[in-house]
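Just so you know, these numbers use all the heavy atoms, side chains as well, and skip hydrogens, waters and symmetry mates. By convention here, the first residue in the shown sequence is residue 1.
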Amino acid sequence: MLHHNIVLIGMMGTGKSTVGSLLAAKTGKTFVDLDQRIVREAGRSIPDIFAAEGEAYFRDLESAALRNTLQEQGIVLATGGGAVLREANRLAMRGGGLVVALQATADEILARVGEDPNRPLLAGGAKERITALLEERKELYAFAHLTVDTSGKSAEQVAAEILTHYRGS
């Protein structure tokens with residue numbers, strides 16, 4: 001039986017938004033970027049939310065947006081990199097569709113995101129922060145139904161790999 005949704009998880013810069021848009025186009029599903037939805041609903045940027053309210057407040061917004069979004073059917077959802085930090089989020093994602101963890105090396109992620117000012121968790125030494133986050137979160141992605149390494153692959157190649165699994169599930 002096909003899952004009604006595809007949920008993409010993984011660190012920032014692993015290709016969730018790019019691959020998610022492609023998957024949505026190829027499957028006729030609606031693409032949803034969870035971070036963009038949070039920004040729209042909160043009326044301010046993620047760095048502004050972090051600066052004014054802190055990470056815990058942002059994670060509360062993220063959890064609520066995730067729960068609401070997973071009630072929709074026929075979506076490809078690109079989550080934020082930290083959406084896996086809460087067990088309730090992981091359980092909701094696992095129950096809400098085919099969960100695909102996208103991975104990449106620290107160097108690949110750094111090359112993709114650089115010193116992006118819209119990524120508050122990278123402030124003060126992006127390479128060190130990426131390496132630390134990869135280490136801290138590596139076990140949190142293990143609940144995914146499928147893991148795809150995006151290093152050195154085009155978004156088209158990654159999407160094709162996911163679709164092969166999706167259509168066979």
Would you indicate whether the side-chain heavy atoms of L77 and L66 approach each other to under 4.5 Å? yes

Mind checking whether V76 and K16 have side chains closer than 4.5 Å, heavy atoms only?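 No, every pair of side-chain atoms sits at 4.5 Å or beyond.
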
Residue among K29, R67, R37 satisfying salt bridge (Lys or Arg N to Asp or Glu O under 4.0 Å) with E72: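 Checked K29, R67, R37 against E72; only one passes salt bridge (Lys or Arg N to Asp or Glu O under 4.0 Å): R37.
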
Side chain to side chain contact (heavy atoms under 4.5 Å, CB included) assessment of L8 paired with T79: CA-CA 6 Å; L8 301 178; T79 64; 5.9 Å; no

If I take atom [atom1] from residue [X] and atom [atom2] from residue [Y], how far apart are they, to the nearest 0.5 angstrom?
X	Y	atom1	atom2	result
L102	E161	CG	CD	9.5 Å
I46	F58	CD1	CZ	4.0 Å
H165	L98	NE2	CG	5.0 Å
I109	M11	CD1	CE	5.0 Å
E135	I130	CD	CD1	14.5 Å
E41	T69	CD	OG1	7.0 Å

Minimum-distance pair of heavy atoms, taken over all atoms of A42 and I49: CB-CD1, 3.8 Å

What closest approach, in Å, do I38 and A65 show between heavy atoms, and which atom pair accounts for it? CG1-CB, 3.8 Å

With side chain to side chain contact (heavy atoms under 4.5 Å, CB included) as the criterion, how do Y141 and V99 come out once you've worked through the C-alpha distance, each side chain's angles and the decisive distance to 0.1 Å? CA-CA 9 Å; Y141 299 115; V99 180; over 6 Å; no

Do F50 and S45 pass the side chain to side chain contact (heavy atoms under 4.5 Å, CB included) test, and can you show the C-alpha distance, the side-chain angles, and the key distance before you say yes or no? CA-CA 9 Å; F50 265 72; S45 72; over 6 Å; no

Looking at [Y], is its backbone amide N or carbonyl O close enough to the side chain of [X] to form a donor-acceptor pair, meaning the two atoms are under 3.5 Å apart?
X	Y	value
D33	A78	no
N5	G74	yes
T150	T14	yes
D48	R44	no
R90	F143	no
K26	A159	no

Would you say L91 ends up clustered with V84 if hydrophobic residues are merged whenever their side chains have heavy atoms under 4.5 Å apart, either directly or through other cluster members? no

Does one hydrophobic cluster hold both L22 and Y166, with members joined at side-chain heavy-atom distances below 4.5 Å? no

State whether [X] and [Y] are salt-bridged, where the test is any N-O pair (Lys NZ or Arg NE/NH1/NH2 against Asp/Glu carboxylate O) under 4.0 Å.
X	Y	value
E53	R59	no
D60	R86	yes
E108	K153	no

Heavy atoms from other residues, nucleotides or ligands near CD of E87 exceed 12 (cutoff 6.0 Å):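 Open: at most 12 neighbouring heavy atoms sit under 6.0 Å from CD of E87.
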
Whether the S151 and D149 side chains hold a donor-acceptor pair (N or O, under 3.5 Å, no angle test) is what I'd like checked.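 Per modelled atom types, S151 and D149 side chains form a pair under 3.5 Å.
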
Please step through side chain to side chain contact (heavy atoms under 4.5 Å, CB included) for the pair V100 and I9, ending with a clear verdict. CA-CA 6 Å; V100 180; I9 64 171; over 6 Å; no

